[in-house]
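Everything quoted here is computed from the prediction, not taken from an experiment.
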Protein chains: 2
Amino acid sequence: MPRTRKVDKTVAQQKALSAFWKIGYNQLGVRALEEATGINRFALQKEYGGKAGLFIKVLDDYLLLSENGVFNNVSNGGLEEVATLFLMRADNETLPEETRYGCLAINTACENDGKNEEINHRIMNFFDMIGDAFKSALSNEKKQGTLKDNVNIQQACEFLRGELIGLNVVARANRDNQAILPAVKFTANIVRSWKK
Amino acid sequence: MPRTRKVDKTVAQQKALSAFWKIGYNQLGVRALEEATGINRFALQKEYGGKAGLFIKVLDDYLLLSENGVFNNVSNGGLEEVATLFLMRADNETLPEETRYGCLAINTACENDGKNEEINHRIMNFFDMIGDAFKSALSNEKKQGTLKDNVNIQQACEFLRGELIGLNVVARANRDNQAILPAVKFTANIVRSWKK
DNA sequence: ACCTATACTAGACACTTGTCTTGATTAAAA
DNA sequence: TTTTAATCAAGACAAGTGTCTAGTATAGGT
């Protein structure tokens, strides 16, 4: 009869996500990954196809969670949901501890030398999804007749995406979500000012 | 009598900067660095103290060049100079080719696991300098009595820094400065709207 | 042409890397 | 208790890593 795993698969993947998020794909070695997750190198190879396979798995989980979570609220909401997204990004009380290391996708976009198509594809899709979420929110507001006429939705959604990404980088550089509090407040005010 | 170098030191350092910028510190090995720059491993060790030493050297040159260049104009200018900075960031004609790989400092901030104090220190200083440059520009405008009263300088300069950093990441993800054109236009408009 | 002294080549080195593998362990069903 | 079959430990492996080095090459002054 088969022997059960020493570590729960879901828990191990959560720990892998955390380790990749904090340390980065390149600087996290397989032995450190074993230490951090409890997944031994045999299971890493057999279950995930190796380090890269586990990384893709946890990246996919992360992207899906983001898309179904905060960005879903934005897509289905309006300016207030957008403002809330920004304000929440500086709220240590509600956020996972890992968020002071930025965003896994953004970190990966920067440390990625572009040769890994599987990673490129996912990063581009994620960035597009962020832009689309903001576009939906602005479009929802426009449909309700509550968006100021001078707001160029096409540009505004890319502007918002840029700001969100940038603030994640600043949070990471400081290892502190509070570092971006002034900027998120300012951004929330700009967003709210777009309401009629 | 000493033998002269096969490669010009300044040119070699320029090539090193380019390679680190595009590929990243972690993914660029010493042999590839030799290939890219013409600096052999003997000179790398003797002249720079190794790979890390060369990286710190070119990072310092890069940060100084940025500070004395575009951010100096911003520090000594006002809202128009800020707007121009953003618009220029999407202008392929005037920018070095490397800029479609983002910004070396930002890339480094993301791929850095935080254990290297020499790098941490430089990144933090650079981010502070960016914020200070925007603060100076806004303060200059205020001193002239031409900044709208409702603009919170403390928050606005951090907001601008966030946007600039984020747009560099988006440019890198796309490997194309044109990808941030809508966002820089929008940002420039926001900045210009702060003028009385 | 010769000499000096630095630069260069490229292999060596010790260590790390991700992957692979074998024998041991052991969960759990029978 | 025994058996089965999956998991585990951890060493092996080949390749790569950054650094070090010895012998060679050679620029340039004399």
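Applying the side chain to side chain contact (heavy atoms under 4.5 Å, CB included) test to A:Ala183 and every residue at least two apart in sequence or in another chain returns A:Glu163, A:Leu167, B:Glu158. Residues satisfying the side chain to side chain contact (heavy atoms under 4.5 Å, CB included) criterion with B:Thr99, sequence neighbours excluded, are B:Trp21, B:Arg89, B:Leu95, B:Pro96, B:Asn177. Under the ring pair (Phe, Tyr, Trp, His ring centres under 6.0 Å) criterion, B:Phe186 pairs with A:Phe159, A:Trp194, not counting sequence neighbours. With sequence neighbours left out, the salt bridge (Lys or Arg N to Asp or Glu O under 4.0 Å) criterion links A:Asp61 to A:Lys57.
A straight line from CZ of B:Arg31 to C1' of D:dG16 spans 8 Å, rounded to a whole angstrom. Straight-line distance from the CD atom of B:Gln27 to the P atom of D:dG16: 15 Å, rounded to whole Å. Rounded to whole Å, atom P of D:dT17 lies 12 Å from atom CD of B:Glu34. One can place CG of A:Asn26 at 14 Å from C1' of C:dT16, the figure rounded to the nearest angstrom.
Non-hydrogen atoms lying under 4.0 Å from DNA chain D are contributed by B:Arg41, B:Phe42, B:Gln45, B:Gly50, B:Lys51, all within residues 38-55 of chain B.
Distances shown here put a side-chain N or O of A:Thr4 below 4.0 Å from the OP1 or OP2 atom of C:dA28.
Using modelled atom types, no side-chain atom of A:Asn40 and backbone atom of A:Glu34 make a donor-acceptor pair closer than 3.5 Å.
Within the structure, no pair that satisfies the ring pair (Phe, Tyr, Trp, His ring centres under 6.0 Å) test touches residues 101-120 of chain A, not counting sequence neighbours.
Residue contacts shown for A:Leu33 are absent, as no nucleic acid heavy atom lies under 4.0 Å away.
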